[in-house]
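What you see is a predicted model, and the numbers here were worked out from it, not measured in a lab.
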Amino acid sequence: MAKTMRSVLLGATLLFGLSGVTFARDASPQAAVQDARLRAVAIVGKMTLDEKIALVHGLFPPFAKGKTTNELIPSAGHVDGIPRLGIPLIRESDASLGVANQVEQRKGDVATALPSGLATAATFDPSIARSGGAMIGAEARAKRFDVLLAGGVNLTRDPWNGRNFEYLGEDPLLSGTMAGAHIAGVQSNRIVSTVKHFALNAQETGRTVVDARIGEAALRMSDLLAFEIAIETGKPGSVMCAYNKVNGDWACENAHLLNDVLKRDWGYRGWVMSDWGAVHSTAKAVNAGLDQESGQELDRKIYFADDLKADVQAGRVPVARLDDMVTRYLTGLIETGAYDAPASVPQSIPYAAHADVAQRAAEAGIVLLKNEGNVLPLARTAKRVVLIGGRADVGVLSGGGSSQVRSVGGAPVEIPLTHGAAMSFARVTWHASSPLQAIRAAMPQARVTWIDGRDPAAAAAAAKAADVAIIFATQWTTEAQDVTDLSLPDHQDALIAAVAAAQPKTVAVMETGGPVLMPWLSAVPAVVQAWYPGQRGGPAIANILTGRVNPSGRLPITFPAAASQAPRPAPVGLDRLSTAEAQAAADPGHVSERQLPSFPVDYVEGADVGYRWYEKTRAKPLFPFGHGLSYTGFAYRNPVVTGGATLRVSFDIVNTGRMAGADVPQMYVTREGSKTPMRLAGFRRVTLKPGESTRITLVAEPRILADYDTRLPGWRVAGGRYRVALARDASDRSVVSTAMVTAATIKP
């Protein structure tokens, strides 16, 4: 959940027409949801005006003392119930990567910390995303929370976005599929998950004043498609609108996004909650589709209480609209089970089993980027192993902001910030999961040591005296501010270069929030992308390095070779924030980010986000989307592509090596003769034993084949011949076939 003002404290049915044949695809809620809405309507019919108003604005507990007679658990949000009607009290928690407790508001309360969203996305496995969601949903219920502010699906448009680590990458099909699975897992516990931040919250610096500019068709084919898929598959009880403007209107009072797209075209029946501090008006926001003001104390004023009542009484907001707001809120609660089974009783939590869920996700999401000369897995003959840097003696790094989990397993190492937009609610935090201890346990035959790496000469000498050197490189990123550049901070590039010059068997383990530049790459034979690996990151990294687990992660995000390759060659808004910080330093409290003038960001890449932009501009990245190596080999044999109404590719996949492992075949498509870059249309994670073979079929998602036509309006699949790449990553064109596809339209 994005919370700028919280930083003060803690930071329908789709119709497919195929060759004249029309059939229905049910993308709207099932009959149970219809029943939930009818039930909600009946409850609303019994409510007074004041009772209705009470349900459409929520408290921010740290600032809400004395505003309710009910217990306030220190957390993100609180909405009182109406006992006479059986409407339950609702408590909300941040929860992208676990039940958050950022600055230990709840003393001593810990939770299981998943690896970063990018790590989960790198598994390309919806079942892992669902398991992680089910786990954190279970812990939330046990801690008496009814709503988790999870389901982040904002696409990565800029590599320096400070919050990229929370999200699920740059591709709408992958992001939407993984987010939907995560949401479904959360809601399997009879609690609500949001999907967020709707929409185009693609940066952190200046996020409360930026105006995201993009064309309708491009938006539908990129960020909105990710949300659409996530909502179809996960059926979240609530949608959280974003801080930023979209094409001139604030996202939380953007009638096109909320009324036209979400509620009309997609048939969404749950409720739209604001991000914390993202409301700017009463009647305009309500009539544009916002259903609930969240964390009201963080807005400039409380808009959805007395002001809303006055607007209803004056006719500026129709009574029917207020009834719809409450109906949507109750529908989301009823349909997910939160209404009839509120999380009111604390429960015990099986933390050991939940830690295994986090470790499996980390192991499946770690990406082996390079392994020249088979330096990895570490040889059992290695007798002297030196670990360098990254505080690998104490733990693994995590990202900052509202997603920060105080994890089970030991006290975290925390460093308070001294500057920046996130300083009041973020800490540089390492989960207490030591790679040093884990590698020692995995390599009892070796002498494994660690040095801090602050002296490159001493590090190089230690590396030279060892059989292998493992450098832990870190880049901390956080909500509320973007990184200034893509280089590793604190002179780590020079450290890695010095160590690699001294030791030919050097391994770089990257604990970063996203892509970084690697000027030393040609000198380092093995590179492992560990992301922020969560509370069991130490053992997960050790298992990958030693071969107890075969790496199988694939990049959900492109790693550029230079910052100039990105659509915007520098972070947007840093100059404006620097001005605000300078003014605030001279006169504390005088200026905030929200007082800065709004400024536009032109998303010139349109729908061609990430790897599509690289193909379109013919830029060769450092590592492409979908890339990842294994300790075994896989072959794709006997591919057959069929077209017509449905585009498919069937093939045999064979494990040609000596070790069991998992592969992720990917299907990319484009129409011949078009200038559209290839798009990921299908993928599947497949696990095979040595020598094992299986035949699988990838089916192209129709909306990936299509372009959005604003004149329909809807999706249009142009008939003709399509190129299909059966690939290992977004740049792989070694197996390309063609097939004829029938023209089709897909209407909301």
Side-chain angles (χ1 to χ4, degrees), residues 115-116 118-124 156 159 164-165 169-170 174 362-378 389-390 396-397 435 468-475 486-488 492-493 496-497 499-500 504-533 537 540-547 549-562 565 610-611 614 619-634 661-664 666 685 727-732:
S116 66
L118 282 177
T120 294
T123 70
F124 277 65
T156 300
N164 280 339
F165 74 92
E170 65 193 27
L174 176 64
E363 290 171 348
I366 291 174
V367 183
L368 180 60
L369 294 176
K370 182 180 180 181
N371 194 21
E372 193 175 85
N374 294 322
V375 169
L376 294 176
L378 295 175
V396 291
L397 190 61
V468 62
I470 306 173
I471 301 179
F472 286 79
T474 59
Q475 174 216 38
L486 299 182
S487 297
L488 287 169
Q492 291 179 91
D493 287 327
I496 295 172
V499 170
K505 292 185 176 181
T506 293
V507 179
V509 177
M510 315 298 293
E511 295 177 34
T512 68
V516 294
L517 302 178
M518 301 180 188
W520 36 262
L521 182 62
S522 61
V524 175
V527 182
V528 173
Q529 181 61 40
W531 315 105
Y532 300 145
I541 291 170
N543 285 345
I544 293 291
L545 293 178
T546 60
V549 172
N550 194 345
S552 58
R554 300 292 183 266
L555 290 182
I557 185 173
T558 304
F559 277 41
Q565 292 181 326
Y611 64 88
Y614 284 78
K620 184 179 179 180
L622 192 66
F623 295 106
F625 173 92
H627 170 74
L629 305 177
S630 172
Y631 296 150
T632 190
F634 296 92
D663 190 32
V664 183
Q666 301 154 47
R685 183 181 175 95
R728 301 179 188 279
D729 60 54
S731 67
D732 179 13

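Heavy-atom minimum distance, P435 versus V396: CG-CG1, 3.8 Å. The nearest pair of heavy atoms linking E511 to A530 is CG-CB, 4.4 Å. Closest non-hydrogen pair, I557 versus P515, comes out as CD1-CD, 3.6 Å. In terms of heavy-atom proximity, L174 sits nearest to F124 at CD2-CZ, 3.6 Å. Between A122 and V367, the shortest heavy-atom contact is CB-CG2, 4.1 Å. In this structure, Y532 and G513 approach most closely via the heavy-atom pair OH-N, 3.2 Å.
At a threshold of 4.5 Å between non-hydrogen side-chain atoms, the residues F472 and L397 do not count as touching. Residues H627 and D732 are not in side-chain contact: their nearest non-hydrogen atoms beyond the backbone lie 4.5 Å or more apart. At a threshold of 4.5 Å between non-hydrogen side-chain atoms, the residues W531 and S116 count as touching. In this structure the side chain of L521 reaches within 4.5 angstrom of the side chain of V527, judged on heavy atoms. In this structure the side chain of P533 reaches within 4.5 angstrom of the side chain of I541, judged on heavy atoms. Using a 4.5 Å heavy-atom cutoff, the side chains of V509 and I544 are not in contact.
The local environment of NZ in K370 is crowded, with over 12 non-hydrogen atoms from other residues, nucleotides or ligands closer than 6.0 Å.
The structure places CG of N550 at 7.5 Å from OH of Y631, a figure rounded to the nearest 0.5 Å. Going from atom CG of L376 over to atom CG of N371 covers 5.0 Å, rounded to the nearest 0.5 Å. From D493, atom CG reaches atom CG of L517 across 8.0 Å, with rounding to the nearest 0.5 Å.
Evaluation of the side-chain contact (heavy atoms from CB on, under 4.5 Å) rule for T512 yields Q475, L488, M510, V516, Q529 as partners, not counting sequence neighbours.
Screening L629, L555, L622 for a side chain to side chain contact (heavy atoms under 4.5 Å, CB included) with L369, the sole residue that qualifies is L555.
Between the R554 side chain and the R685 main chain, no donor and acceptor come within less than 3.5 Å of each other. W520 places no side-chain N or O within donor-acceptor distance of the main-chain N or O of A500, the cut-off being under 3.5 Å. Of the possible donor and acceptor atoms, none in the side chain of Q565 sits under 3.5 Å from a partner among the backbone N and O of Y614.
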Audit row: I366, V549, side chain to side chain contact (heavy atoms under 4.5 Å, CB included) steps and yes/no: CA-CA 10 Å; I366 291 174; V549 172; over 6 Å; no
